[in-house]
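Below is one structure, written out as structure tokens; comments come after it.
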Amino acid sequence: MTSGLEKDIIIRMLHVNKRYGKMEALHNLSFEIRKNEFVFVTGPSGAGKSTMIKLLYMGESASSGAILVDGINLARIPRKQIPMLRRKFGVIFQDFKLIPTKTIFQNVSLVLEVAGLKAKEIYPRVMDVLERVGINDRAEEFPPVLSGGEKQRVAIARAMVGQPKIVLADEPTGSLDPDSAAHIFQLLQAVHQAGATVIIATHDQQMISDHDGRVVRLENGRMATGNSDGNKNLC
Amino acid sequence: MLIFAAKRALTDIVNNKFLHMVSIVTIALSVFIVSAFSLFFNNATDFLDAWRKGVRIIAYMGVNVAESQRIELMETIRKSNGVATVEFISKNDAYNDLKRKIGQQSSLLDGLDKNPLPDSVEIILADSYRRLEDIEKLAKTIGEMPHVEDIEYAQKWLYRFNGIYNLFKVTGLVLVSIFFIATLLIIANTIRLVMYTRREEIEIIRIIGADEAFIKYPFFFEALAQGFLGGVAGLLMLYLAFILTVPNLTPETVFAFFEIRFISVTFSLTIVFCSMMIGWVGCFFSIRKFLKL
């Protein structure tokens with residue numbers, strides 16, 4: 001029988017290894033993340049933060065070990081089910097990954113198009129989320145004319161619009177000035193308060209120390225601290 | 001999803017105008033050449049059929065052939081394989097016929113001491129007896145019969161036309177095969193280039209949860225659109241060439257019993273359909289390779 005605590009776990013990694021040829025990016029990584037947790041994954045460059053994020057949304061596959069997301073074993077997921085798994089995530093990247101030839105509205109609405117929603121349902125949802133990130137007045141503009149902070153707000157809007165269970169942010173403030181970074185972080189907190197599990201990969205120690213959240217620290221692809229629940233003082 | 005895919009395909013075509021235009025023009029040229037050959041074959045076949053319907057062999061008889069010998073000869077010819085009717089044309093009938101045909105110049109014949117034309121037998125072939133080799137064989141057999149001095153049928157002309165027809169047939173088949181492969185490769189390449197320019201977009205769409213169909217459909221729409229536009233453009237080029245050329249063919253160059261026709265609507269639709277299918281197949285291989293499906 002599944003315990004209440006067990007049911008509360010949304011991500012579980014068990015002895016996960018990831019190798020690129022002879023280079024080992026992740027080594028024997030095991031940890032759990034509960035629903036609606038706010039988690040920082042930190043560590044120096046090359047520690048394996050981005051690799052871990054990629055493994056979660058199946059941008060890459062683990063070399064060995066097991067990853068369970070919302071009860072789904074990623075090693076056994078049928079190929080056709082991968083898109084459905086990815087719709088559980090909203091992913092935010094340091095380089096934004098916006099499509100330059102599409103308007104801001106189109107970039108965000110693509111998530112709902114992919115999910116098969118009708119145009120009349122898409123419009124109000126996209127405009128609502130653009131308003132929440134404060135960029136609704138620029139909906140018809142194209143990404144290249146936006147500042148870094150604005151682009152990242154669009155990326156957050158795109159991550160939010162599908163109402164995902166989990167939001168993954170890979171260095172979301174890495175290329176932003178402090179004011180923009182603070183704004184972006186507020187938006188991520190709002191996403192968390194709305195009920196999503198938020199996982200932020202960052203090496204910004206200031207951001208971590210200024211905000212509440214569990215910290216998972218990686219070093220050379222190994223777990224340094226953070227496998228227990230809790231506060232960052234443990235990590 | 002299909003509407004979204006069609007819209008995205010249209011946007012892609014507009015965004016990559018030059019690339020698609022090159023592809024469409026190449027397809028159009030291929031279709032033009034292939035359908036021009038088809039036009040030739042259709043008309044050449046009709047022409048040969050029409051001509052063969054009028055195929056008759058004239059057997060000229062020697063002088064002093066007795067009526068019984070003539071009747072026997074005609075009977076022998078009538079029994080030959082492929083003969084529909086046999087008609088005797090006396091030298092007097094032939095003379096009068098010639099006189100009537102040359103009209104005002106008939107006075108030229110008045111100077112002749114006697115009728116120079118021989119008695120002859122006109123043999124009309126059965127409808128089922130159309131092969132050039134059969135006609136030639138029959139003519140040779142008749143020519144070797146007793147009391148037959150000479151035979152006449154448009155053998156040289158027919159040989160020449162048949163030779164050209166066969167040459168075009170072989171060349172046409174080779175060219176059609178080459179253009180088929182070329183078109184396939186061009187479409188596959190265009191789609192691959194578009195995919196390459198959109199590889200980051202494809203990656204982003206994948207991350208946000210697009211399934212393979214969502215990614216692939218626009219490319220198939222693009223390939224079908226390329227095939228359709230190229231096919232229609234090629235046929236329009238051919239039609240333009242046709243209406244500009246055919247009226248200039250004088251009655252002397254084209255026989256009165258034959259009318260040059262443009263390829264049929266059904267055949268035109270088949271060409272456009274094939275062109276679209278080539279696009280689809282080209283896209284299929286391109287996507288397979290690029291997306292590693």
Side-chain angles (χ1 to χ4, degrees), chain A residues 50 53-60 69 78-93 95-103 106-120 122 142-143 151 154-155 157-170, chain B residues 1-23 190-226 284-293:
Chain A
S50 297
I53 296 278
K54 279 183 192 166
L55 292 184
L56 290 175
Y57 69 82
M58 290 199 79
E60 306 263 0
V69 174
R79 191 178 165 77
K80 283 190 174 178
Q81 291 296 315
I82 294 174
M84 297 307 293
L85 172 93
R86 287 180 178 150
R87 290 176 203 171
K88 290 179 188 287
F89 293 100
V91 191
I92 300 158
F93 298 92
D95 61 354
F96 323 119
K97 291 207 188 300
L98 301 177
I99 301 167
T101 54
K102 290 191 185 293
T103 64
Q106 288 167 337
N107 265 281
V108 177
S109 68
L110 202 54
V111 176
L112 303 179
E113 287 177 24
V114 159
L117 268 71
K118 290 179 181 154
K120 62 179 180 185
I122 291 173
F142 289 86
K151 283 178 188 169
V154 177
R158 185 178 62 190
M160 288 163 68
V161 75
Q163 296 169 344
K165 288 186 173 180
I166 306 158
V167 170
L168 304 173
D170 189 3
Chain B
M1 185 191 277
L2 288 177
I3 295 167
F4 278 129
K7 275 185 189 171
R8 277 164 54 217
L10 196 67
T11 312
D12 251 359
I13 291 173
V14 173
N15 288 345
N16 299 290
K17 279 191 279 292
F18 182 74
L19 199 60
H20 283 93
M21 194 53 76
V22 168
S23 186
T190 308
I191 296 292
R192 202 172 302 165
L193 283 172
V194 172
M195 278 181 168
Y196 189 75
T197 59
R198 285 184 52 194
R199 66 193 183 284
E200 278 187 44
E201 185 182 334
I202 291 170
E203 192 49 41
I204 293 165
I205 292 171
R206 270 187 165 164
I207 292 169
I208 63 174
D211 54 21
E212 298 293 2
F214 191 91
I215 297 168
K216 286 190 296 186
Y217 282 3
F219 293 111
F220 279 114
F221 269 105
E222 279 174 46
L224 288 172
Q226 279 180 25
F284 177 79
F285 285 118
S286 194
I287 280 182
R288 248 168 74 103
K289 204 165 179 183
F290 194 89
L291 298 180
K292 295 188 184 80
L293 300 179

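Chain naming here is simple, since letters A, B, ... match the order of the sequence lines and numbering starts at 1 in each. Bear in mind that the values here come from a model prediction, so they are computed numbers and not experimental data. Computed over heavy atoms, backbone and side chain alike; hydrogens, waters and symmetry mates excluded.
Contact annotation for A/K102: only side-chain heavy atoms (C-beta onward) come within less than 4.5 Å of a heavy atom of chain B. Looking at B/I204, the atoms closer than 4.5 Å to chain A (heavy atoms on both sides) all sit in the side chain, from C-beta outward. Heavy atoms closer than 4.5 Å to chain B are found nowhere in A/F89, neither backbone nor side chain. Neither the backbone nor the side chain of A/L85 has a heavy atom closer than 4.5 Å to any heavy atom of chain B.
Here the shortest heavy-atom pairing between B/M195 and B/S286 reads SD-O, 4.4 Å. Heavy-atom minimum distance, A/Y57 versus A/R86: O-NE, 3.1 Å.
A distance of 13.0 Å separates NZ of A/K97 from CD1 of B/I208, quoted to the nearest 0.5 Å.
Most heavy-atom pairs under 4.5 Å with chain A, from the set B/E201, B/E203, B/E200: that is B/E201.
Here B/F284 pairs with B/W280 under the ring pair (Phe, Tyr, Trp, His ring centres under 6.0 Å) rule; sequence neighbours left out.
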Would you mind writing out the side-chain donor-acceptor pairs for residues 108-119 of chain A within the sub-3.5 Å range, not counting sequence neighbours?
residue: A/S109; atom: OG; partner: A/F105; partner atom: O; Å: 3.2
residue: A/S109; atom: OG; partner: A/Q106; partner atom: O; Å: 3.2

